[in-house]
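Chain letters run A, B, ... following the sequence lines, proteins first, then strands; residues in each count from 1. Note that these values count all heavy atoms, side chains included, but never hydrogens, waters or copies made by symmetry.
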Amino acid sequence: MDEPRQSAPVIEPGHTFATVTDKISSIVLTRPTSNGWFVGFGLAFLVFMGGLYAIGYLFVRGVGIWGVNIPVGWGFAIVNFVWWIGIGHAGTLISAILLLLRQSWRNSINRFAEAMTLFAVSCAGLFPILHLGRPWLAYWLFPYPNTMNVWPQFRSPLVWDVFAVSTYFTISLLFWFIGLIPDLATLRDRSENRAARIIYGMLAMGWRGSARHWSRYETAYLLLAGLATPLVLSVHTVVSFDFAISIIPGWHTTIFPPYFVAGAIYSGFAMVLMLAIPIRKIYGLEDFITDRHLNNSAMVMLATGLIVAYGYGIEAFMGWYSGNRYDSFLLWNRLHGPYAPLYYLLLICNIGIPQVLWIRKLRTSPLGLFLVSGVILVGMWLERFIIVVVSLHRDFLTSSWGMYYPTRWDWLTYIGTIGLFLSAMFLFVRILPMISIFEMRTLLPQAEVKPE
Amino acid sequence: MKRTPIYGMMAEFDSPSDLVAAARRTYEAGYQKIDAYSPFPIEELAEAIGFHSNAVPLVVLIGGLIGCLSGYALQYWISVITYPINVGGRPLHSWPAFIVVTFEMTILFAGLAAVLGMLALNGLPMPYHPVFNVPRFAFATKDRFFLMIFSTDPKFNPVDTRRFLEGLGPRSISEVPS
Amino acid sequence: MQIFHRSTNTISRATIFGAIFVIAMLFWAAAEVQRSPYVTYAGVARPQPAPFSHQHHVGGLGIDCRYCHTSVEVSSFAGIPPTRTCMNCHAQIWTGAPMLEPVRESFSSGKSLIWNRVNDLPDFVYFNHSIHINKGVGCNTCHGPVDRMPLMYNYASLQMEWCLNCHRAPEKNLRPRDQVFNMRYEEPSSAKPIMVDGKTYTDQISLGRDLVTKYKLRTVADITSCSTCHR
Amino acid sequence: MKMTSSNHNSPSIDVCPSKKNKLDLETARAHLAETQGPEYWRSLEELAGSPEFQEMLHREFPKGASEWLDSVSRRGFLKLMGASLAMAGMTACTKQPLEPIVPYVRQPEEVIPGRPMFYASAFTLSGYASPILVESQLYRPTKIEGNEQHPASLGGTDIFAQASILGMYDPDRSQTITYLGDVRTWGDFLNAIHGPLIAQKAVQGAGIRILTQTVSSPTLADQLRSLLKIYPQAKWHVYEPINRDNVLEGAKLAFGQPVETQYKLENADVILSLDADFLYAGFPGFTRYARDFAKRRDPDAGNMNRLYAVESTMSSTGAKADHRLPLPATQIETLARALASQLSVASGVGGLQGKMAEHLAGVARDLQAHRGSSVVIAGDHQPPVVHALAHAMNQALGNVGRTVVYTDPVDANPINQTESLKDLVADMRSGKVDLLIIMGVNPVYDSPADLAFADALKNSKIPLRVHAGPYQDETAELCHWHINEAHYLEAWGDTRAYDGTVSIVQPLIAPLYGGKSFYELTALVAGSEATGHEIVQAYWQKQHPGSDFDAFWRRSLHNGWIEGTAFEPKQVKPTTSNFSAPRHTDFSDPRNTDQKNLEINFRRDPSIYDGRFANNGWLQELPKPMTKMTWDSPVLIAPALAERMSLKSEDVVELELNGKKLTAPVWVQAGHPDNSVTVFLGYGRRRAGRAGTGAGFDMYSLRNSATPWSVTGVAIRKTGATYKLASTQGYQSMETPDGGSRPLVRSASLEEYHKEPNFAREEEPPAALTLYPGYDYKKEPYAWGMAIDMNACVGCNNCIVACQSENNIAVVGKEQVVRGRHMHWLRVDTYYQGDRANPRGHFQPVPCMHCENAPCEVVCPVGATVHSTEGLNDMVYNRCVGTRYCSNNCPYKVRRFNFLLFQDWETPQYKMMRNPDVTVRSRGVMEKCTYCVQRINEHRIDAEREDRKIGDGELQTACQQSCPAKAIIFGNINNPNSKVSKLKANARNYSLLADLNTRPRTTYLAEIRNPNPELER
C-alpha cells in the first residue's frame, strides 16, 4: 500500500483486530435499539408512505396528474431518475475503481457507499416505470416470447437503459453481498441472539475463512471490481444516450457521456459525505472515517466538479460556435428564457460554491462539507431539470413552444423516493455492518506478515 | 484407508505471522491435506499451504464470452430474423445500436460467473462444517488464526500430529470431531 | 459453536436449485395459460339462444356459407343472418319445434335474436373477410371444421402469433378460389393431386407459391406491416 | 349489427366505401318505419344494457354541466370506472370479454353490414345551406363530407357543417317536450295549444306572434305564409343576432329593393374587401368563395389575383391579403366614401391626406386598371351606406354581371330583423301577444341588451309561450312549453344555398329523442298533423306536378339539390346620388384618443358563431384562426394600446359602455387597429350544456340594437386581475426572442418568385452522409405522400374538425388545453411576420410528416411506432406503453398523448357517433395523424378485390376531402402522374426542417404574395 504523504491516518492508532471487530459489530448487535433511530426511521418511512400515496393516485388517474405535457413529455420523473442514478454511482466507483487503484482508505466507506448505491438505483429504477402511460405494461421492454410475436426495439436508448440499469443493479448487489459474507460470518459468531445467529449464519453461507476460500474470494472480488469499473462508466453514458441519441437541441450533443459520468460521481460523493458525516458522528466512528476520508472525498468532488463546469462551458461554446440557429437559441433560452433563474442557481450550486473546497480547512470541516454537499446535490438536480425541461419546452417549431409546471403530485413522488432511500439506509445501518470489518482488519499494522 | 472418528487436528495462533510460519513448517513437514483459517485474507497463506492457482478467472472469461455472444445474437435474431421491420428507415442490422446491450450482457454474465463460480468452487453454501464443532473456532472470524490438519492426510495420526503441532508453539490445540 | 445441523448443507443447496426450477416453472405455466382455451376460448362452444347446429345445416343439408353469411365476399364483416333468413325455411319446416321458439318469437316481435359472438377479435384489430376470401383463404382454414360443429366454437386461438403464422408464410394456407367455401377441401398430396390452370400439384407449398403470384398477394413485408391490421 | 360494451362497434361493421353508393332514403325509410321509429336503435341501446342511457332518457336537464371544464367532476370519476375497461381493451394479455352480436330481424336490401352508405343532404346556418354528403354506418350518421357535385360546395364544407354531427349526438340536447319543466308528450301539447288557437281564430290571430330564425326553406316559408293567411292578424317576426340587416338596407339604399349579392371570384383579378371576412365560415357562400379565391392564387398559372383588405380586426381574410389596412370599423365608411369619390362614383369626401391617401389612390388605380375583373366586397357589419357604395363602385367598375351578380334574396322573408324584434318586444309589453311561438331563436340570451327581451318575456303576461329548439336554453326557461327540436340529420326539410339552389334535407336516423321539426310544429299550428316527410314532399309536388315526380324526387335526393332552383341573375340599377351625409370624415390620429372613448366591435365568434354551438366540444376546442384561442372569448386589443395601458394578454379589464360594465381578459392581437377593441359574441351561456355553460363572457350584455356591430365610446380599465386563457399556440412568430428567425413558412412576392423560383428549396443532407443505407420505397406499388399548398390555405380550420370527426379524436376541456394537452392530430399554425401593428399572417396546417427517417420510431423501446412498407409512420396504440419519448424526439411536435382517460367511454351517443374504422384510444397511449390509414386500407382492399390499382384522387384523407380551398393533396408519390407528385415537383415545394434529414412525406408549397408593386415602395 503506497501511502501518499498524508497527515491524517486512515485509521486512528491503538486499534487491534478485536477492538475493530467489536466496535463495528456492536453497532448492529447491541440491544436495545436507540430511540433516535426509531424516530429517524419513523419520519423517513412516513415520507415514503406519502410517496406511495402519490403513486397509488398516479395508477388510478394516469400520468396526467403530473405536469408533463406536449412539448415537455418528460418532467420530474426523468429528472429524478437521472439524479438518483447519478448518486448511485459513488458506491461502485469507490468500491471498484478505488480498489483497483489500491486506495485503501476506501475500505472504511465502501460498504455503506455500496448500500447507498443499491438504494439510490432502486429509487431511480422506480421512475422510468412510473412515468409510463401504461406502467402495468413495463415488462414489454424485456425480450420475452409472447403470444403477440413482437419484441423490444433495440435501437431505442430506453431498451439500453433497461439492460444497463438492471445489470448495474445486479452487479452492485453481488459486489455488496460478497463483500458482506466474511462480516456476516463475524456477526454469526458474535451474536448472542439465536435467531440472529441463524439468519446471519444462513447469509454467511458457512464462511469459515479458509485460506483457499480467501484466495478465490480475493480473485473474484478483484475481477468483479475490474468488471464494475467499465460498467459504472457505461451506465451513466447509456443514460446520457437517452438524450444524446435524440435530435432535440440541448440533448443532441457528443459531450454528454463524459460530462454525465463526471456529474454522477460529483453528486455521488456529495451524497456519500452527507451520509458519512452524520453517521460517524452518531456512532462515534471518527476513528475509522477520519478527516483523511473527508479530505479525499472533497478533492474528488472538486475535480469532478471542474469537469462538469468544463461540460457547461463546452455546451455554451458550441451553442455559439456551431452557428446552428437552434443551438444558439438554446443557449439564449437558458440565459434569458423563463427558466433562466434556475440556470443561474445551477451555476452557483455546481460551479460557484464548491470552489470553497480549495480551502484545506473546509475540506476537513464536517459541517462545511455537509453543507457544500447539500448544495451540490441541489445543483445536480437542477442540472438535470435544465437538460430535460429547458431543452424540450422550446424546440424547433415556435408554434409548439410551451411551459412545464410541476404539480403537487410531482413533488410528492419525488420526496417519497427520498423517504424510501432514507428508510432503507436506516434499516441497513441497524442490521448490517456499515463498515467492512475484515477489510478494516487488513489496515491494521498487525495484519502485516513479518518475514521470518 | 482407516476410518477415524475425528475430522482433524486444529492449532490456534495469535498473529498472522505465526500462522503463516506454522503453515509453512507443516507443509514442509509433508502434510498435504491441511488448511488455515484467518479473519481476513492473507496473501502468503495460500502459498504456505501449497494452494497455488484457482480457476475463478477462467470461469469469468467463459461467462463473459457467453454473455457477449448471446447478447448480440439475441438482438440480431430479433431485429433481422424473427421480427424484421422498418424502424425509422434504419437497416434491420443496425449494428452500432446493438453494441450497448451486448456490452451490458457481457458484464452481467461475467459478474454472475465470478460470484457463483467463486461460491461453487468454495463449496458454499455449507452452513454445517466440522470445524464449527470447535468452540474456540468462533474467534476465527475475529482475531484468532487457525491451522488445520485433516484426518484424511496419509501422514495423519492423532498422537504424532498433536505432537507435531505442539512443536509449532500454538496458543492451543483442539481435536475436531467429525 | 455449531449452529446448523449437517442436513442444512444439502437443504440449502436443494433450496437454491429448487427456487430456480420453481421460477422457471411459473414462467412456463404463465405462457401456457396465455395460450390455453381458458384465455382464447379456442374449442369452447358458446351458449346460444337457439342451439343452431352448423353440423346439421352445413354438413347435413349442405347449405352454402354465403346463404347466411351474405356479405363475406364484399365486406369486412361476414354477416350474421337476420331472423328472416331462418324463417325462409322454418316458416315451412319444424314450425312447431320448441327449440325454434326464440326465432319465431323474434320474428313476430321484431326484437333481434341476441347471439353470443364466437370469433371475437380485440377492438383494435381490423380483420376483413372479403380480402381473405378473395386471395384464396378457405373458410375452414381459420374457422375449422364448421360442418362438424354441433354448436359453434372458435377453432383458432385468434392470437396475434396465430395471425402472423399465416401472414408470414401465406403459401402454407392458400387454395384455389373455387375451393374457398369447400368445407371438405384437402391439401394436395400425391394421393389427391390438385389441378390448377392445367398444372398438377401434389404438395401445398408449390401450389401455395403459384397461387401467391396468381392472386397477386402483397409481399410478406407488406402484410406484416402494423397498419395492415391495427389502425 | 352489434352494440358492444366496449369502446366502439367492433370491426364487424366498419369499412369505407370504394365508391360512394349514394341512395335516397325512401327504401331505408320503409325499414325504419317497420321498426317503429326510435325503437329502431333504442332497442339496440337497451341490449347494450347501458343504464346511463336509461337515466339520460328520463332526466330532464343535462347533468354534470361544464364537466369538461372541471377535471374532478362526478363524470370524471365515472371515467375512472371506464378506465378498467379501457385497459381490458388495449392490453395484450387480457381475456376478451364475451360480447353479444345482434343481427337484424329483417335486413334492408341495400344494407351491407360493414360498408357505409352516403346520403346527400344540407346543413343550414342562418338561412344559408352547406351541401353535404353524410356517411352512414347502418343508419348511424358518422361523418360529414362535402358534396363534390354541388356548385356551392364542390366537395368543401365548413367547420359548422363538419361539427354538426357531434351536435346531433350531443347528450345535452333537449330530449323531451316539457311544460314548466315537467315531461309532456306531443299529444299534451296538441291539446294545450288547441284551445288558444280556436280563440285566436275569432280575432284572426291578432294575438299570435311567431319568432323564427332566418328562413330560407321554401317549404317552411310557404307554410308560414299560409299560416298567416289563416290568421291574417298574426305576425311573423324574424331575428338572428348575427343578421344581415346592413346588407339588406344597403341593397335597398342602392337599388330600392332587397337583392342578394353573389361574387364570382374566379373572374376577379383584384379584390377589395371592406371589412368583409369572406374567407371564413359563416360568410354566405364561403366554401365556394374559398375555392374560387384559391384557384386564382396559383403563381404558376399566370393569372394570380390580388386581394386588398381593409379591416377592423385581424381576420383570415386579412391574413391572406396582399395589402392589409387595419382601420377602426367606424372609419371604414369614410375610407369607402373617399375611394368612391376617387373612382368618381359618389360625391363623398376627397379629404384624405398622407399615406392613407396614397395607398387609396393606388388601390383606386389598380381597380380602375381591372375594370370588369375587379370586385369590392363590403362586410356584413358595415353600415348600409358602405354596402351601397360598394354596389356603386362595382357598377362603376363594370363588374356587375362579371364578378358581381345580383339575385333574389336567399332569405325568404328579407326584413330588418332588429326592427322586427323591436316590434315584437313592443307588442309584448303592450300586452298584444297571447300566443308566442319561438322557433330556434334564443332571444333571452342573444337579443340586444337595450330591448331587455328577457324582462319583456317574464313580465308581460303572455298566456301561452312556446319555445321550440334543440336545447333547454335561456329562452326555454322563460317559456311555458318547450318542444325539443329534431336535428337536421333527424328530420325532413329543404333549404337554399347562397346561390339559391335548393337542397332537400333528408333524415339519416330517426330522432334520437323523438324531436319535432319546425315544419311539423308549424303544420300543427296551422291545424294539420302531417309528418315532415309529407309536408316537404307535398310542397315540391306542387312545384313539380306531373307523372315524373317520383323520378324527380329521387334524383333531387340523390344529387343533393333540385335542378333549376338556382336564382337567375337580376338586372338592377343603382341610384348613385342619394347617399346620406357621412357619419364622420376625419381619420383621427390614434395617439390623441384616450382609453375612455375607444371603439368596440361585436363579432360572431369564429368557432361557436352566435352561441348556438356553445355546447359543441369540437368547436369549443377548435383554435380560433388568428388567436388560437379555445373555450374562451377574450377582448382583442392592439399592441400599441396594450403598451399604452401596460396590458398583457390574460390581464383582466373592465369594459364600460353607456353604463353597462363587464370584466373580461384581454388578448393582444397583432394587426388589430389601435383605439379599437374586438369582442366575440356567443360566450357566457347560462344554459348551454356541460361544455358551453359558463365558458367565456357574455358580450351581448353590452350590445345595443342601435349599434349592433361597432360603436365608439367604450371605456376600458385595468383591474389588475388575471385570467388563464387556453391558447394552443403560445408563440405566434417565426422570429425567436434571441433575434434569430426560422424558415418555417417560406414566402415571397410574385416578382421575387419569378426572379428566383427555387427560393424555398433547402439543401437536404445527402443520403450518403449517414452510416446507415437508406430504405428503398420505389419498389412498392404505393408510397403515400402529401403536399400542402400554403398559397391556397385560407386557415378556415375545416380540416381540423374533419380530422377530429373521422379519427374519433377526444375533446379534453379547457384545463387540459391550458396544460398543453389538446389532442388535434392536425393543427393549423398561425404565424405573424413583420410590423406587429400590421403584420403578415401565415397559415400552416401541420399533420404528421410521416418522415422516412422518422426520429420518433428509433427511440420507441417497444416498436409501437414503426414504418409500413408504403412509407406510413404507423402508430400501434395497443403496443404503446406511453414513454412519450417519440413525442419528445418529434421535431414537429405532431404527436398527441392521452395523459388521462380523455375519451368518453360511457355515453352511448358517443359510441354511436364514432367511426368504427378507427380504434378509440385509451389512457396512456400516444396517437397521431395516420394519413387516414383506415381509408387507405379500405380502398386498397376494394381495389385488390377488383384487381386494379387505387386511382389518383380516388382515395382522399378526411382533411383533404372537405378542404374548401383544396389546399391539401394526398396520393401515391410512386406514381409520377399523380397530382401530389406533380406538386412535389413544383419549385415552391419544400419540406419543413429539411436540414434535420428526417425526409418528410408531407411537404409544403411556399406562399407567394401578389402585392401591388406601386404600393410596395
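Contacts of D161(A) with chain D are absent, with no heavy-atom separation under 4.5 Å from either backbone or side chain. Contact annotation for E857(D): only backbone heavy atoms (N, CA, C, O) come within less than 4.5 Å of a heavy atom of chain A. Heavy atoms of Y405(A) lying under 4.5 Å from chain D are absent altogether. For chain D, no part of W160(A) is nearby; none of its heavy atoms comes within less than 4.5 Å. Heavy atoms closer than 4.5 Å to chain D are found in the backbone of L58(A), but not in its side chain. For chain D, no part of V162(A) is nearby; none of its heavy atoms comes within less than 4.5 Å. For F142(A), no part lies near chain D; criterion is any non-hydrogen pair under 4.5 Å. Neither the backbone nor the side chain of Q732(D) comes within less than 4.5 Å of any heavy atom of chain A.
Using cut-offs of 30° and 60° on the angle between ring planes, the pair W74(A) and Y885(D) is tilted.
The environment of OH in Y53(A) is sparse: at most 12 heavy-atom neighbours from other residues, nucleotides or ligands sit within 6.0 Å. More than 12 heavy atoms of other residues, nucleotides or ligands shown are found within 6.0 angstrom of OH on Y344(A). For M318(A), the CE atom sits in a loose shell: 12 or fewer heavy atoms of surrounding residues, nucleotides or ligands are nearer than 6.0 Å.
Each of V68(A), V63(A), V159(A) has some count of heavy-atom pairs under 4.5 Å with chain D, and the biggest count is that of V68(A). Listed options H131(A), R155(A), Q153(A) were ranked by heavy-atom pairs under 4.5 angstrom with chain D; first place goes to Q153(A). Between chain A and the options S733(D), S741(D), P737(D), P855(D), heavy-atom pairs under 4.5 Å are most frequent for P737(D). Ranked by heavy-atom pairs under 4.5 Å with chain D, the first of D242(A), I78(A), V72(A) is D242(A). When each of G67(A), P135(A), G402(A), G73(A) is checked for heavy-atom pairs under 4.5 Å with chain D, G73(A) comes out on top. Ranked by non-hydrogen atom pairs under 4.5 Å with chain A, the options K893(D), R896(D), R827(D) are led by K893(D). For the set N146(A), I65(A), V150(A), I245(A), the count of heavy-atom pairs under 4.5 angstrom toward chain D peaks at V150(A). Interface summary for chain A: among N889(D), N888(D), L993(D), the most heavy-atom pairs under 4.5 angstrom belong to N888(D). Ranked by heavy-atom pairs under 4.5 Å with chain A, the first of G740(D), C880(D), C890(D) is C880(D).
Annotation for R923(D) and W136(A): closest pair NH1-CZ3, 3.5 Å, computed over non-hydrogen atoms. Across every non-hydrogen atom of W401(A) and R742(D), the tightest pair is CZ2-NH1, 3.8 Å. Pairing each heavy atom of R134(A) with each of V925(D), the nearest pair is NE-CG1, 3.5 Å. Here the closest non-hydrogen pair linking I70(A) and S887(D) is CD1-OG, 3.3 Å. When all heavy atoms of N69(A) and R819(D) are compared, the pair lying nearest together is CB-O, 2.9 Å.
The CG atom of D829(D) sits 7.5 Å away from atom OG1 of T398(A), with the distance rounded to the nearest 0.5 Å. Rounded to the nearest 0.5 angstrom, W140(A) CH2 and R879(D) CZ are separated by 5.5 Å. Distance check: R325(A) CZ to D995(D) CG gives 7.0 Å after rounding to the nearest 0.5 Å. A distance of 10.5 Å separates CZ of R884(D) from CG of L392(A), quoted to the nearest 0.5 Å. Between L141(A) atom CG and T883(D) atom OG1 the span is 8.0 Å, to the nearest 0.5 Å. Here H842(D) contributes atom NE2 and S399(A) contributes atom OG; the two are 13.5 Å apart, rounded to the nearest 0.5 Å.
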Open item on the list: Working note: F396(A) + L744(D), criterion side-chain contact (heavy atoms from CB on, under 4.5 Å); need CA distance, chi angles, decisive distance, verdict.
Closed with: CA-CA 9 Å; F396(A) 295 98; L744(D) 307 178; over 6 Å; no

TODO: Show your reasoning for whether side chain to side chain donor-acceptor pair (under 3.5 Å) applies to T736(D) and R394(A).
DONE: CA-CA 10 Å; T736(D) 49; R394(A) 288 180 171 181; over 6 Å; no

TODO: Report the C-alpha distance between L996(D) and H252(A) in whole Å, list the side-chain angles of each, state the deciding distance to 0.1 Å, and finish with yes or no for side-chain contact (heavy atoms from CB on, under 4.5 Å).
DONE: CA-CA 12 Å; L996(D) 295 178; H252(A) 183 65; over 6 Å; no

